[in-house]
Amino acid sequence: MTIVDYDPAWPGLFVVQRDAILGVGGGLILAIEHIGSTAVPGLAAKPVIDIAVAVGSVEVDGAALVDAVRALGYLFFDAKMPGRLMCTRDENGVRAQHLHILPVSRWDLLKERLMRDWLLAHPAVRDRYAALKVELASRLSGEDYTRAKTDFIQELVDAARAELGLASESVWEE
C-alpha cells in the first residue's frame with residue numbers, strides 16, 4: 001500500500017478522465033465529480049483518482065455506462081457494494097482510476113461527497129486523516145487498511161450529516 005503526498009496534478013488527471021467518460025457516455029451521466037482523497041488538496045493519498053458518476057438507474061443507465069467506458073480501458077469490478085457499480089482502470093499495470101456509478105437519488109448525500117467537502121472545509125481534520133492513513137498503510141493493506149479507517153470516516157461523515165440536520169448512517173456498504 002502506497003500513500004503519497006498530495007500531487008497538484010491530480011485535479012488535471014481527473015479532468016482528462018471526466019472529459020473522456022463524458023465523451024463515451026455523456027448521455028447517460030447526470031453528474032460527475034472527483035471524489036476521494038485525491039480530490040482534497042493537501043491530503044496524502046493512494047495515487048488513484050476516484051470518480052463518481054450519477055445516473056438515472058444503476059441497472060439500466062449504469063450497465064450501459066460500464067459497457068461504454070470499456071473503450072477507455074475501464075473494467076467492471078465487483079466491489080460488493082449494493083446499489084453501486086464500480087470500474088477500475090490501470091495505466092502501465094498500476095491502478096490509476098476508480099469509477100463509482102451511482103443512482104442520482106443518492107447523489108446529494110453520497111458519503112464520499114460529504115467526506116470530501118468536510119475535509120476541504122476542515123484542514124486540521126484533513127491532516128489527522130492523512131496521518132492515520134500513513135500510519136495504517138505502514139502495516140496494513142487491502143480490505144484491512146480500508147476497514148481500519150472506518151471509525152474515523154464514520155466520525156467525519158457523521159459530522160457532515162449532523163451539520164445538515166441528518167442522523168448518522170453507517171458508511172460501510174455491504
Side-chain angles (χ1 to χ4, degrees), residues 1 3-7 10-11 13-15 17-18 21 28-62 65-66 77-88 95 97-137 140-174:
M1 172 91 37
I3 301 293
V4 300
D5 289 338
Y6 178 79
D7 186 338
W10 288 337
L13 295 173
F14 161 73
V15 168
Q17 290 304 306
R18 178 199 64 200
I21 293 164
L28 302 165
I29 297 170
L30 302 174
I32 184 168
E33 290 185 8
H34 189 184
I35 60 168
S37 295
T38 61
V40 180
L43 181 57
K46 292 181 290 186
V48 178
I49 306 298
D50 281 283
I51 302 162
V53 171
V55 295
S57 160
V58 169
E59 296 78 17
V60 177
D61 302 326
L65 186 58
V66 167
F77 173 76
D78 184 4
K80 297 178 178 38
M81 296 171 82
R84 175 187 304 229
L85 296 175
M86 283 199 59
C87 296
T88 61
R95 181 68 37 86
Q97 287 92 28
H98 291 151
L99 179 63
H100 306 254
I101 304 170
L102 304 125
V104 71
S105 61
R106 290 181 52 196
W107 192 253
D108 288 341
L109 298 179
L110 183 66
K111 70 178 184 291
E112 292 90 347
R113 293 179 72 236
L114 293 172
M115 183 173 165
R116 176 203 60 202
D117 294 348
W118 190 261
L119 291 169
L120 287 168
H122 299 89
V125 176
R126 176 203 65 206
D127 294 345
R128 282 182 44 222
Y129 186 46
L132 174 67
K133 290 168 53 157
V134 169
E135 189 274 321
L136 292 174
L140 300 171
S141 62
E143 189 173 321
D144 292 335
Y145 166 82
T146 301
R147 285 199 180 266
K149 297 185 307 177
T150 300
D151 288 344
F152 193 85
I153 291 169
Q154 187 71 57
E155 175 188 323
L156 301 181
V157 174
D158 283 351
R161 290 180 62 84
E163 189 172 76
L164 297 171
L166 300 170
S168 175
E169 285 187 4
S170 176
V171 296
W172 196 256
E173 295 177 36
E174 296 189 84

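Here the side chains of D78 and K80 are in contact, with some heavy-atom distance below 4.5 Å. By the 4.5 Å heavy-atom criterion applied to side chains, F152 and R128 are counted as neighbours. Taking the side chain as every heavy atom from C-beta outward, V4 and K46 never approach each other to under 4.5 Å. A 4.5 Å side-chain heavy-atom check between T146 and W172 finds at least one atom pair inside the cut-off. Inter-residue side-chain proximity for L99 and T88 is flagged as unmet; no heavy-atom pair is nearer than 4.5 Å. You'll find the side chain of W10 stays beyond 4.5 Å of the side chain of P41, heavy atoms only. Looking at heavy atoms from C-beta onward, I153 lies in side-chain contact with Y129 at the 4.5 angstrom threshold. Side-chain contact between P47 and T38 is absent, with no heavy atoms from C-beta onward closer than 4.5 Å.
The two residues I101 and G62 have their closest heavy-atom pair at CG2-CA, 3.7 Å. For S57 against V60, the heavy-atom pair with the smallest separation is OG-N, 3.1 Å. The heavy-atom pair separating I51 from I21 by the smallest distance is CD1-CD1, 4.0 Å. Residues V48 and R95 approach most closely at CG2-O, 3.7 Å, considering heavy atoms. Contact record, L43 with R126: CD1-O, 3.5 Å, taken as the closest heavy-atom pair. Minimum heavy-atom separation, V104 to G56: CG1-CA, 4.5 Å.
To the nearest 0.5 Å, atoms CD (Q97) and SG (C87) are separated by 11.5 Å. In this structure, the separation between CG on L164 and CG on L114 is 6.5 Å, given to the nearest 0.5 Å. A distance of 11.5 Å separates OG of S141 from CG of L136, quoted to the nearest 0.5 Å. To the nearest 0.5 Å, the span separating CG on L30 from CD1 on I32 amounts to 11.0 Å. In this structure, L156 CG and M115 CE are separated by 5.0 Å, a value rounded to the nearest 0.5 Å. In this structure, OG in S37 is found 12.0 Å from CZ in R116, a value given to the nearest 0.5 Å.
A salt bridge does not link E155 with K149: every distance from a Lys NZ or Arg NE/NH1/NH2 to an Asp or Glu carboxylate oxygen is 4.0 Å or more.
In this structure a side-chain-to-backbone donor-acceptor pair under 3.5 Å is missing from D144 to L140. At distances below 3.5 Å, at least one donor-acceptor pair connects side-chain atoms of R161 with backbone N or O atoms of A167. Although no hydrogens or angles enter the test, the distance criterion places a donor-acceptor pair under 3.5 Å between the side chain of K133 and the main chain of A44. No side-chain donor-acceptor contact under 3.5 Å links E163 to the backbone of W118. Side-chain N or O atoms of E33 include none that pairs as donor or acceptor with a backbone N or O of V53 at under 3.5 Å.
For A52, the side-chain contact (heavy atoms from CB on, under 4.5 Å) test picks out I35, L102, W107, L110, with sequence neighbours left out.
For the residue pair H34/D50, the side-chain donor-acceptor check at 3.5 Å is not satisfied.
Other residues, nucleotides and ligands place no more than 12 heavy atoms under 6.0 Å from the CG atom of D5.
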Salt bridge (charged side-chain N to carboxylate O under 4.0 Å, His left out), that's the test. Do E112 and R106 meet it? Break it down for me.
CA-CA 11 Å; E112 292 90 347; R106 290 181 52 196; 5.8 Å; no
